[in-house]
Amino acid sequence: MTKTELIARIAEKLDVSKKLAGEFVNTFTATVTEGVKEDKEVRIQGFGTYKLSHREAREGVNPQDTSKKIQIPARNVVGFKVGTEFKKAVNE
């Protein structure tokens with residue numbers, strides 16, 4: 001499902017305009033992003049948890065030429081752990 005399709009479904013289910021549903025989706029994603037940046041974790045009961053982790057710099061192998069080593073810089077990554085209710089719904 002694309003973002004456009006998600007907005008259309010939300011608009012239909014809530015009986016609101018696509019514009020309003022789009023504002024909701026954009027506000028939701030921006031708020032989750034801010035929360036992860038600031039608090040390192042955002043939990044949505046039953047849906048899942050977005051969590052910020054840090055990966056240290058490391059040495060890797062160039063996939064185009066496996067004889068060459070490359071430096072992979074340190075960076076932050078976001079993980080998502082699925083909530084119990086979401087997991088059950090998908091497996092029904």
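This structure is a prediction, so every number in the text was calculated from the model and none was measured.
For residues 12-32, every residue pair satisfying the side chain to side chain donor-acceptor pair (under 3.5 Å) rule, not counting sequence neighbours, is listed here: Lys3-Asn26. Annotation: side chain to side chain donor-acceptor pair (under 3.5 Å) contacts involving residues 63-75, sequence neighbours excluded, comprise Asp65-Ser67. Evaluation of the side chain to side chain donor-acceptor pair (under 3.5 Å) test over residues 38-48, restricted to residues two or more places apart or in two chains, returns Glu41-Arg43. Residues in residues 6-26 take part in no ring-ring contact (aromatic ring centres under 6.0 Å, His included) pair, two or more places apart or across chains. Note on residues 81-92: no pairs pass side chain to side chain donor-acceptor pair (under 3.5 Å), not counting sequence neighbours.
The ring pair (Phe, Tyr, Trp, His ring centres under 6.0 Å) search around Phe28 returns none, not counting sequence neighbours.
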- Task: Give the intermediate values and the outcome of side chain to side chain contact (heavy atoms under 4.5 Å, CB included) for residues Tyr50 and Ile44.
- Result: CA-CA 9 Å; Tyr50 296 91; Ile44 303 171; 4.2 Å; yes
- Item | From CA spacing to verdict: side chain to side chain contact (heavy atoms under 4.5 Å, CB included), Phe80, Val78 | CA-CA 7 Å; Phe80 179 75; Val78 178; over 6 Å; no
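By the criterion of side-chain heavy atoms lying less than 4.5 angstrom apart, applied directly or through intervening Ile, Leu, Val, Met, Phe, Trp or Tyr residues, Leu52 is not grouped with Val77; the two fall into different hydrophobic clusters. Val61 and Ile70 fall into different hydrophobic clusters, where Ile, Leu, Val, Met, Phe, Trp and Tyr are joined by side-chain heavy atoms under 4.5 Å apart, directly or via other members.
Residues Ile7 and Ala21 approach most closely at O-CB, 3.5 Å, considering heavy atoms.
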